[in-house]
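Chain A is the first sequence line, chain B the second, and so forth, proteins listed ahead of strands; every chain is numbered from 1.
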Amino acid sequence: MTLLDELSALLSAAFAQAGTDAAYGRVKRADRPDLAQFQCNGALAAAKATKQNPRALAGSVVEHLDQAAFADAAIAGPGFINLTLKDDWLSAQIGARAWKRPAPERIVIDYGGPNVAKPLHVGHLRAAIIGESLKRIARAVGDDVTGDAHLGDWGLQMGQLISELELRQPDLIYFDPSAEGPFPSDPPISLKDLEEMYPAASAACKADKDRADLARRATKALQDGRSGYRALWRHFVDLSIAAMKKDYADLGVDFDLWKGESDADPLIPEIGDDLTSRGLLEHSDGAEIIRVAREDDKKEVPPIIFRNSEGAVGYHATDIATIVDRIRTMAPDRMLYVVDARQRLHFEQVFRAVDRAGLFEESRLEHLWFGTMNGKDGKPFKTREGGTLKLRDFIDMVTDKARERLVENGLAEGYGDEETASIARMVGVAALKFADLSNPRTSDYVFDIDRFTSFEGKTGPYLLYARARIRSVLAKADQAGAGGAGDIVVAAPEERDLALALALFGDAVRDAYDKRLPHILCEHAFGLAQSFSKFYAACRVADEADNAVRASRIGLVEATGEQLDAIFDMLGIEAPDRM
RNA sequence: GUCCCCGUAGCUCAGCAGGAUAGAGCAUCAGAUUCCUAAUCUGAGGGCCGCAGGUUCGAAUCCUGCCGGGGACGCCA
């Protein structure tokens with residue numbers, strides 16, 4: 001149970017005894033910290049519903065309230081109940097509030113979606129960062145979570161690429177219709193070649209209808225199993241995965257599965273048959289479609305193209321087949337998709353289709369969409385030249401900036417080149433990830449490199465710095481033979497504020513988990529770090545003379561360090577021990 | 001055209017299961033370091049919460065309309 005849950009339960013009991021619905025007992029942080037730590041507004045709503053005087057009702061609630069936890073419970077204004085905890089009761093909450101899910105679930109989270117042959121770029125950043133964090137939060141609260149990269153390896157872009165290569169190098173053995181496999185597994189195509197061919201092919205198909213038809217036929221041939229095409233495709237996929245793994249690793253993003261659209265392809269024929277037998281698959285303009293519109297739709301929801309007029313499948317069909325694959329291989333309770341907001345209609349369609357087909361309940365499929373990361377001009381982030389910025393270059397950019405800042409501030413000096421480089425990377429990536437995660441998932445936000453690398457205020461580096469100081473002061477205490485942590489006894493206001501922040505950890509985690517919003521955890525982390533900084537500025541720790549006070553403060557510092565570590569883990573942020 | 005998201009301090013953003021004096025960071029101004037990392041801390045100024053109605057004892061929050069920005073809308077993903 002979280003702290004707010006426990007306080008709410010106490011208030012609810014009092015509301016029930018006062019003769020009203022216990023649901024009015026919900027407690028939240030006080031809007032007026034000058035007056036109290038917590039407040040309950042339930043008396044106002046309850047009085048309205050039961051036509052009573054709100055202040056009188058609040059008075060009755062307070063009379064029935066179990067006072068064990070409270071130093072003060074006062075009625076204020078029109079009927080607010082202001083609550084302040086006893087210091088010893090508050091202190092006892094620290095460390096006892098790691099919230100766990102009562103009934104853990106098995107979850108698959110899909111947060112990659114990078115395309116084969118296309119380098120990772122800033123457009124993949126948010127899915128990776130948010131998805132990684134949601135995965136870790138879910139794990140931390142007890143869910144059994146599998147993260148899947150779900151590569152874009154089976155759609156039209158593969159046909160575009162293969163047809164492009166065929167036009168350029170028709171003499172390659174892979175294109176000889178009379179040749180029989182097996183084909184050599186090392187086509188003379190490098191990752192660099194792929195990255196150059198992809199945009200060229202895409203542009204050519206856009207400009208020329210005949211060229212586009214060629215790509216569609218190549219897609220169909222690939223999907224039908226033409227072995228020369230398959231050999232090339234395998235090579236393209238392997239090259240791409242190797243490059244992607246490196247980029248994701250540098251970001252601290254780690255997938256359990258590297259499956260792709262193609263892995264679900266073998267299931268398509270039987271799914272098609274099943275849909276047909278259920279009467280869900282219809283023919284329309286030469287394509288096979290599934291209608292998913294509903295009577296009460298406010299908007300027009302177009303049907304899914306299960307197979308196009310060429311007979312090839314696109315990402316609607318592979319997404320459906322992937323759901324079936326996941327059901328069979330993992331039997332999950334829930335599937336989450338961390339994919340940008342523009343895909344909302346797509347997932348609406350897919351979820352409706354699998355629900356209609358009786359495959360998986362729509363309510364257990366969640367599209368956790370996110371907004372775009374924009375440049376200072378308010379438009380999607382681009383390089384100064386207007387091109388797409390590669391993820392690799394982006395990481396290098398923030399790392400370089402972090403290194404500059406370290407030098408400016410005289411930090412990480414004399415640590416040796418290797419450690420300095422490692423600190424710069426962690427600081428840069430932390431700045432980047434915290435900037436992204438501290439914005440609500442659903443908002444667009446402006447990524448201003450100068451602002452977020454300034455390292456002041458609500459930033460990743462501020463958090464890393466707080467943690468480094470915690471490490472440092474604990475080390476100092478240890479060296480001085482200050483003894484270990486003792487019972488936490490809150491006395492100074494800064495100690496009380498820190499204790500309060502620590503005790504609200506469980507609520508922050510639960511809230512972030514329930515709403516799938518990591519920024520709630522970021523807010524908590526920043527508030528905790530701020531409370532720590534204030535405490536640190538006001539209270540001596542390692543060299544405090546009073547033994548009991550010193551032991552108590554060491555306990556507070558240790559608890560703060562442990563909680564920050566837990567938060568960094570859930571956010572997917574790696575922290576250096578010193579900086 | 002229809003639908004979706006958004007509009008809060010000079011800037012970037014929280015808050016939106018209705019409630020007290022609307023918060024944070026940055027920027028600006030004024031302070032703090034014989035002492036555990038000053039990337040820190042203390043204080044100040046700064047707001048018709050896009051506009052107009054409605055519901056309510058009470059609206060940044062709920063409803064309607066309008067204005068402005070972004071996005072989606074059958075064979076791309």
Side-chain angles (χ1 to χ4, degrees), chain A residues 26 30-32 34-35 39 41 44-45 48 54 76-80 82 113 115 152 155-157 160 202 205-206 212 215-216 261 284-289 297-310 312 314-316 318-319 339-346 349 369 371-372 374 376 378-380 405-406 408-411 427 435 438-440 442-448 451-452 454-459 461-462 464-466 468-469 471-477 479-480 482 494 519-520 522-523 526-527 530 533-534 536-544 557 578-579:
Chain A
R26 200 168 69 93
D31 291 333
R32 293 280 305 273
D34 53 319
L35 299 179
Q39 69 185 68
N41 299 347
L44 290 158
K48 187 176 183 176
F80 302 107
N82 284 336
N115 281 336
L156 181 66
Q157 81 273 17
Q160 290 178 337
S202 174
C205 290
K206 216 170 187 175
R216 292 176 65 202
E261 294 166 342
S284 171
D285 297 332
E288 292 172 70
I289 65 164
D297 282 338
K298 277 191 184 172
K299 60 190 183 238
E300 193 183 335
V301 181
I304 281 179
I305 309 274
F306 189 77
R307 286 193 184 92
N308 67 20
S309 48
E310 200 70 43
Y315 84 144
H316 284 99
T318 53
D319 272 355
V339 182
D340 82 273
R342 290 173 305 187
Q343 304 294 329
R344 291 179 77 177
L345 179 60
H346 167 72
Q349 291 174 297
W369 53 274
T372 49
N374 294 327
K376 277 190 196 174
K379 291 176 180 164
R405 297 292 177 184
L406 289 170
E408 274 172 29
N409 291 285
L411 287 160
V427 170
S438 59
N439 283 286
T442 53
S443 309
D444 296 342
Y445 76 101
V446 173
F447 191 87
D448 176 343
R451 179 162 63 83
F452 91 94
S454 79
F455 296 175
E456 274 166 23
K458 197 186 272 185
T459 64
Y462 174 88
L464 296 190
Y465 182 64
R469 293 210 291 185
R471 290 280 168 150
S472 177
V473 72
L474 289 175
K476 283 262 161 49
Q479 281 166 21
E494 291 84 3
H519 85 271
I520 292 169
C522 291
E523 280 296 316
F526 181 66
Q530 252 186 337
S533 290
K534 288 172 189 180
Y536 184 85
C539 301
R540 305 300 303 171
V541 179
D543 52 7
E544 165 60 42
V557 174
R578 57 177 192 170
M579 55 195 283

*Just checking A/Gln157: base, sugar-phosphate only, or nothing, at a heavy-atom cut-off of under 4.0 Å?*
sugar-phosphate
*Flag if over 12 foreign heavy atoms under 6.0 Å of CD, A/Glu300*: no
*asked:* The test is side chain to side chain contact (heavy atoms under 4.5 Å, CB included); show your working for A/Leu35 and A/Phe80 and say whether it passes.
replied: CA-CA 11 Å; A/Leu35 299 179; A/Phe80 302 107; over 6 Å; no
*For B/A59, which nucleotide is its Watson-Crick or G-U wobble mate, given both distances must be under 3.5 Å?*
none
*Can you figure out which of B/C26, B/U37, B/C36 approaches the side chain of A/Arg578 most closely?*
B/U37
*Determine the interatomic distance between P on B/C4 and the same-named atom on B/C66; round to the nearest Å.*
13 Å
Polar atoms only, N or O, under 3.5 Å: list the protein pairs with nucleotides 1-12 of chain B and their distances.
| from | atom 1 | to | atom 2 | distance (Å) |
| --- | --- | --- | --- | --- |
| B/C4 | O2' | A/Arg344 | NH1 | 2.7 |
| B/U12 | O2' | A/Arg451 | NH2 | 2.6 |

*In whole angstroms, how far is the P atom of B/G74 from the CD1 atom of A/Ile305?*
9 Å
_My understanding is that a pair needs two contacts under 3.5 Å, Watson-Crick or G-U wobble. By that rule, which nucleotide pairs with B/C49?_
none
_So if I take every side-chain heavy atom of A/Val541 and compare against B/C36, B/U42, B/C76, which nucleotide ends up nearest?_
B/C36
*OP1 or OP2 of B/G25 less than 4.0 angstrom from a side-chain nitrogen or oxygen of A/Gln530, does that happen here?*
yes
*A/Arg342 and A/Thr372 side chains, donor-acceptor separation under 3.5 Å*: no
*Kindly determine whether A/Asn439 and A/His519 satisfy side chain to side chain contact (heavy atoms under 4.5 Å, CB included), including the steps that lead there.*
CA-CA 6 Å; A/Asn439 283 286; A/His519 85 271; 5.9 Å; no
*For B/U42 and B/U64, measure between their C1' atoms and round to the nearest Å.*
48 Å
*A/Asp444 or A/Leu345, whichever maps to the more 5' nucleotide of RNA chain B*: A/Asp444
*Ring centroids of A/Phe80 and B/G19 base under 5.5 Å with planes under 30°*: no
*Closest to the A/Asp543 side chain: B/G74, B/C36, B/U42?*
B/C36
*Taking only side-chain nitrogens and oxygens of A/Ser472, does any of them come within less than 4.0 Å of OP1 or OP2 of B/U37?*
yes
*Go through B/C36, B/A77, B/C75 for me and flag the one nearest to the A/Lys476 side chain.*
B/C36
*Check every strand shown and say whether A/Ser533 touches a base, only sugar-phosphate, or nothing at a heavy-atom separation below 4.0 Å.*
sugar-phosphate
*Quick check: does any side chain N or O of A/Glu494 sit under 3.5 Å from a backbone N or O of A/Tyr536, one acting as donor and the other as acceptor?*
no
_C1'-based separation of B/U33 from B/C41 [nearest Å]_ = 10 Å
*asked:* Between A/Tyr462 and B/A24, is there a contact of a side-chain N or O with OP1 or OP2 at under 4.0 Å?
replied: no
*In whole Å, what is the span from the CZ atom of A/Phe455 to the P atom of B/G25?*
19 Å
_B/U33 pairs with, by Watson-Crick or G-U criteria that keep both distances under 3.5 Å_ = none
*Please report the closest heavy-atom contact between A/Phe455 and A/Val427, naming both atoms and the distance.*
CZ-CG1, 3.6 Å
*asked:* Tell me the interatomic distance from A/His519, atom NE2, to B/A24, atom C1', rounded to whole angstroms.
replied: 12 Å
*Given the C1' atoms of B/A60 and B/A52, what is the spacing between them in whole Å?*
16 Å
_Donor-acceptor check, side chain of A/Gln39 to backbone of A/Asp31, threshold 3.5 angstrom: yes or no?_
yes
*Specify the separation, in whole Å, of atom NZ of A/Lys458 and atom P of B/C26.*
10 Å
_Rounded interatomic separation in angstrom, taking OH from A/Tyr465 and C1' from B/C41_ = 11 Å
*Evaluate the side chain to side chain contact (heavy atoms under 4.5 Å, CB included) criterion for residues A/His346 and A/Val339: first the C-alpha distance (whole Å), next the side-chain angles of each, then the deciding distance (0.1 Å), finally the verdict.*
CA-CA 11 Å; A/His346 167 72; A/Val339 182; over 6 Å; no
*B/C36, B/A20, B/U40: which one has an atom nearest the side-chain heavy atoms of A/Asp31?*
B/A20
*How would you label the contact of A/Pro78 with the nucleic acid (heavy atoms, under 4.0 Å): base, sugar-phosphate, or nothing?*
nothing
*For B/C73, give its Watson-Crick or G-U wobble partner with both distances under 3.5 Å, or none.*
B/G1
*Under the side chain to side chain contact (heavy atoms under 4.5 Å, CB included) criterion, do A/Glu544 and A/Cys539 qualify, and how do the steps go?*
CA-CA 8 Å; A/Glu544 165 60 42; A/Cys539 301; over 6 Å; no
*Looking only at N and O atoms, is any donor in the side chain of A/Asn82 or the base of B/A20 less than 3.5 Å from an acceptor on the other one?*
yes
*For B/G25, which nucleotide in any strand shown is its Watson-Crick or wobble partner with both distances under 3.5 Å?*
B/C11
*Side-chain N,O (A/Arg469) to OP1/OP2 (B/A38) below 4.0 Å*: yes
*For nucleotides B/C5 and B/G15, find the distance between their P atoms and express it as a whole number of Å.*
16 Å
_Of A/Tyr315 and A/Ala30, the one whose closest RNA chain B nucleotide lies more 5'_ = A/Ala30
*If you check every side-chain atom of A/Met579, which of B/U37, B/C36, B/A77 has the closest atom?*
B/U37
*asked:* With hydrogens left out and only the distance checked, is there a donor-acceptor pair under 3.5 Å joining A/Lys48's side chain and the base of B/G19?
replied: no
_Atom C1', compared across B/C26 and B/A14: separation rounded to whole Å_ = 14 Å
_Distance-minimising heavy-atom pair for A/Ala435 and A/Tyr445_ = O-CE1, 4.1 Å
*Determine which nucleotide pairs with B/A17, using a 3.5 Å limit on both distances of a Watson-Crick or G-U wobble pair.*
none
*Rounding to a whole Å, what distance do you find between A/Asp297:CG and B/A72:C1'?*
14 Å
*Classify the nucleic acid contact of A/Leu406 as base, sugar-phosphate or nothing, counting any heavy atom under 4.0 Å across all strands shown.*
base
*With a non-hydrogen cut-off below 4.0 angstrom, is A/Ala480 in contact with a base, only sugar-phosphate, or nothing?*
nothing
*asked:* Using modelled atom types and a 3.5 Å cut-off, is there a donor and acceptor pairing between side-chain atoms of A/Asn374 and backbone atoms of A/Val446?
replied: no
*asked:* Between B/A30 and B/C13, how many Å separate the two P atoms, rounded to a whole number?
replied: 29 Å
*Going by heavy atoms in the side chains, are A/Pro302 and A/Ile289 under 4.5 Å from each other?*
no
*A/Ile520 CD1 to B/G23 C1', straight-line distance once rounded to whole Å*: 16 Å
*Provide the distance between the two C1' atoms, one in B/G68 and one in B/G50, to the nearest whole Å.*
8 Å
*Round to the nearest Å and state the distance from A/Leu35 atom CG to B/A20 atom P.*
12 Å
*Just call it for A/Arg26: base, sugar-phosphate, or nothing, with non-hydrogen atoms closer than 4.0 Å on any strand.*
base
*Nearest to the side chain of A/Asn41, which nucleotide is it out of B/G71, B/G19, B/C13?*
B/G19
